[in-house]
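Remember, predicted model here, so these are calculated numbers, not experimental data. Both ligands and their constituent atoms are indexed starting at 1 by order of listing.
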Amino acid sequence: MQALEAFFSLLTAPGRRVVITTHQKPDGDAMGSSLALWHYLRSLGHHPVVISPTNWAGFLNWMPGVQEVLDYESKTAQAEELIAQADWLFCLDFNAIGRVKRMEPALSQAPGLRILIDHHQEPQVSYFHYGASDTSKSSTAEMVYDFIVASGGADSITEGMAECLYAGVMTDTGSFRFPSTTSSVHSMVAFLKQKGLKHHLVHDHLFDNFLENRLRFIGHALLYRMEVIYEMNTVLMAIPKSDIHRFDISTGDTEGLVNFPLSIQGIKLAAIVIDRDEERKWSFRSKGEVDVNQFARQHFNGGGHRNAAGGRSTDSLDETVKHFYKVLPDLRGSLE
Ligand code: 5GP
Ligand code: MN
């Protein structure tokens, strides 16, 4: 993988067909960084399209440009044609190619240049022709901002792009509280404010735009599904399918639930597993030295960052929970 800087000179010849893609079930950073790049490449005279491997949470549907995003699962033929024809394939906010789910064969067979922009650990660098991978970065949105500025595009940042970038960095820094929130993050936000960003509107869109059922579901989950394992400073929540149906929970409604247990004094690890149709989906959040990236990688076929990772299992909910209890002692050294 060559450094992203080596790619800058290619940007100047307009008219390139570009696919921008990201991980399945894109979050605020995945969608925000993809759309910011989409706006930027359009401003340079290229022909980009954002293709998401799956559908996405409704709370992202305010983002400028999101109505143009293709869902690979519902528009497969059209998406595959665009992927096959693309000169460039930008892959944003994921480290392992499996994160694009059913899109993987199309992406792997495409003849275009693959370009990675990502901040997760241990990326599959051999898969990409160019790229930037930096785990010290708060978000992929910050890296797209750096890319735009370093390639001479700072003046082309519009209020709409600023909203997308802000949504990404705000999502991935836990509203600017995680240690990844560097002075560069705040400098970037200051610049976005100069471009007209109304940050309070982004917070409203992302956090204050749900239906009653989601809040009832969170109350139910905290009351009935939360196991506090004090001797390991850990909280586990296992959400059965019956809860998902009872509260009519859809993509995005469960996001953020995993963060609540960390507000309990002394808790260093929060784990949540949700019984989805195809698989059991794990989310892990931790504090300090507790490395959930390694834990998810080793035991739950996943990965992510040291303090925020995800994984999956094809076992039943009961079985995967049993497995969690069995492997939790692996983290004893950092949890106690
Ligand atoms: P979340 O718990 O919000 O789904 O994900 C937390 C972090 O872990 C995100 O950075 C996400 O990209 C990453 N992640 C989530 N699930 C997986 C997975 O199955 N595999 C890998 N490699 N990373 C994941
Ligand atoms: Mn991210």
Need the ligand 1 atom indices (1-based, order shown) with element for anything under 4.0 Å from a heavy-atom of [X].
X    : value
R312 : 18 (C), 19 (O)
G304 : 8 (O), 13 (C), 23 (N)
G302 : 18 (C), 19 (O), 20 (N), 21 (C), 22 (N)
H305 : 10 (O)
G303 : 8 (O), 13 (C), 14 (N), 20 (N), 21 (C), 22 (N), 23 (N), 24 (C)

So is [X] close enough to ligand 1, meaning a heavy atom under 4.0 angstrom away?
X    : result
K281 : yes
R285 : yes
A308 : yes
H120 : yes

**Q.** Every N, O or S from the protein that is nearer than 2.8 Å to the Mn ion (ligand 2)
**A.**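 The answer is D29 OD2, D93 OD1, H119 NE2, D172 OD2.
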
Of all the heavy-atom pairs spanning [X] and [Y], show the shortest one and how long it is.
X    : Y    : answer
L262 : K268 : CD2-C, 3.9 Å
K101 : Q24  : CD-OE1, 3.4 Å
Y72  : A79  : CD1-CB, 3.7 Å

Q: Would you check if there is a donor-acceptor pair between the side chains of H305 and D172 at a distance under 3.5 Å?
A: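 Side-chain D/A pair, D172 to H305: absent.
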
Q. Just checking, is any N or O donor in the side chain of W56 or D71 under 3.5 Å from an acceptor N or O on the other one?
A.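 Short answer, no.
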
Q.
Could you go through Y40 and Y145, starting from their C-alpha distance and side-chain angles, then the distance that decides it, and tell me whether this counts as ring pair (Phe, Tyr, Trp, His ring centres under 6.0 Å)?
A. CA-CA 10 Å; Y40 178 52; Y145 171 79; over 10 Å; no

**Q.** From CG (L92) to CG (L116), nearest 0.5 Å
**A.**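 Taking CG in L92 and CG in L116, the distance rounds to 8.0 Å.
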
**Q.** All pairs passing ring pair (Phe, Tyr, Trp, His ring centres under 6.0 Å) where residues 80-118 contributes a residue, at least two apart
**A.**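 Found F7-W88, F7-F90, H46-W88.
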
Q) So between A271, S139, S283, A96, whose heavy atom ends up nearest atom 2 (O) of ligand 1? A)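 Checking each option, the heavy atom nearest atom 2 (O) of ligand 1 is found in S283.
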
Q.
Looking at E81, I want to see if its CD is surrounded by more than 12 non-hydrogen atoms of other residues, nucleotides or ligands under 6.0 Å.
A.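 At most 12 heavy atoms, drawn from other residues, nucleotides or ligands, come within 6.0 Å of this atom.
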
Q. Between R276 and E279, is the closest basic N to carboxylate O distance under 4.0 Å?
A.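 No, no charged N to carboxylate O under 4.0 Å.
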
Q | Sub-3.5 Å N/O-N/O distance, W282 and ligand 1 | A |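 In this structure, W282 places no N or O atom under 3.5 Å from an N or O of ligand 1.
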
